[in-house]
Amino acid sequence: METFDLLLTGMAGAFDPHNFLMLVVGLMIGVVAGALPGISFVNAMAMALPFTYLMAPVTAMTFLGAIYVGGVFGGSISSILINIPGTPASLPSCWDGYPMTRKGLSMRALGIAITASACGGIASALLLTFGSPPFARFALTFDQPEFFAATVLGLASVIAIAKDAPLLSTLSLFVGLLIGTMGIDPMYGMTRLTFGVPELESGINFTVVMIGLFAIGEVIDLICAPASKKGIVKQAPGRQIYFRDIWKIKGSILRGGGLGCMIGMIPGAGATVGAVIAYGVERQASGRGHEFGTGVEQGLAAPEAAKNATTGAALIPLLTLGIPGSAATAIMLAAMLIHGLNPGPMLFATNANLVYTIFVSMLAANLLMVVAAFGVARGFSTLMRVPPAILGAFIIVLSVVGAYGVRNNIFDVYVCLAFGVAGFFMKHLHFPSAPLVLGVILGPLAERYFLTSLASYEQDPTIFFTRPISGTIIGLSLIFVVWSLWPIIRPLFSRAPRQPRRTAADNLVGSARPR
């Protein structure tokens, strides 16, 4: 009963008029910032942090939490409508969401994405409310080897994403890993693959690569397409989303939400890993894996549920252990410290009202996100009625501004344009680009966790297999790869039936048969 009494107190705090107004404002800021490529909701949270100085602690945490919830979903709007991932976690939404838009089902795709994201977010908020202490104790057992194993699981999922070209996808992944190593070595400070170009010493940002491959490359393809294929995508009549449609894909939403909750509580894994793994698992479990990438609703619902399910789960180690699991939760930690709050087990005893107000505000933000996301999505959906030439110009301007705004570096704009040209040729040569982006995103994380693990455990490479949790995760990664490649490797284990060897007696019998 004490928990429900605290929840009632949290509801009173979350629905206080001032706190509720800041929750709505933060939610809108997050959705818009996430939908604009290159802006990033993390940057929006960082810019909003100074404004929380004058707020009460409860108001500040509600405001930043709403930006977090709205921003994680917001990237899916541009992913679905114009094939530009607003955030790295929204990359899987391009693979089946944008093909639905090309079929004239943009509003249906947005409806599925918003509903699945809200369901995943609500599930994670409930997990945050009722499961924080036990899950926090489990997360406390994670160290650098476990973080590396979780990243390896994300990289292994690229094999499941590959449909008909697993070898090309693997090659694309390794190219992405190579690009991710450009710059200065994180452990020894040595420059790598810079080719004497000083601008490359800071590395190549994955956001710039995403914008170039998906946005600029798509515009170049639009410009080079025959005039007969240049048309405005129209919404198909009578294909809006209804409750019965969501009920048909409930399994995908549940699987994605469950995976997101489990992965979100692991510090360092984050929404990107959760979305990618959920897409790979759903491709194997849905029974329609061969159709993924052509506009399959399950392929959109699972990663959407997973990435928003990481939001509430990521707050579990933050509030109970003081361990931020991502850049967004690190900003929320900074806000708590600014207001004199020390996250940890004592926070639940000394500031229970604040903690449960955060819980309720996360639930309210995920419910209100449906309204806010539809409002922003309708504004973006007007792009579908714009002539292709104007739409292409708008995307180019948005991409250049977004690429420059990542690090305020003009060199990033040149890199973005170069990857745009590469993306055009990769599309026409049927060379998969998604694994390349995943390699650029997850490669540096895997390298950092690998090197810090060896440095912490006396350069012993067996530590990844002898620690129970990391060994289990790596074992699951191997099973995942074998499961995905089983249709290819199964013929190697199946032997053709051997023909019985003919003896001399058989030859005599055969020759005695009448003709």
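What's counted below: heavy atoms across the whole structure, side chains too, no hydrogens, waters or symmetry copies.
Nearest approach of A48 to L64, heavy atoms of both residues: CB-CD2, 4.4 Å. Closest of all the heavy-atom pairs between T462 and D460 is OG1-OD1, 2.7 Å. Smallest separation of non-hydrogen atoms from M369 and V69: SD-O, 4.0 Å.
Between the side chains of T194 and E201, no donor-acceptor pair of N or O atoms lies under 3.5 Å.
A distance-only check finds no donor-acceptor pair linking the side chain of R102 to the backbone of T294 [under 3.5 Å]. Proximity of a side-chain donor or acceptor of K307 to a complementary backbone N or O of V72 within less than 3.5 Å is detected. Formation of a donor-acceptor pair under 3.5 Å by the S470 side chain with backbone atoms of R467 is found in this model. In this structure, the side chain of T129 does not engage the main chain of F359 through any donor-acceptor pair within 3.5 Å.
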Practice task
For I220 and I216, run side-chain contact (heavy atoms from CB on, under 4.5 Å): C-alpha distance rounded to whole Å, both residues' side-chain angles, the deciding distance at 0.1 Å, then the answer.
Solution key: CA-CA 6 Å; I220 296 175; I216 304 295; 4.0 Å; yes

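In summary, the aromatic rings of F431 and F425 are positioned with their centroids too far apart to meet the 6.0 Å limit. Taking the ring centroids of Y279 and W95, they lie under the 6.0 Å cut-off.
With salt bridges taken as basic N to acidic carboxylate O contacts below 4.0 Å, none links K248 and E297.
Paired with E304 under the rule side-chain hydrogen bond (donor to acceptor under 3.5 Å, both in side chains), one option of S93, S90, S252, S79 passes, and it is S93.
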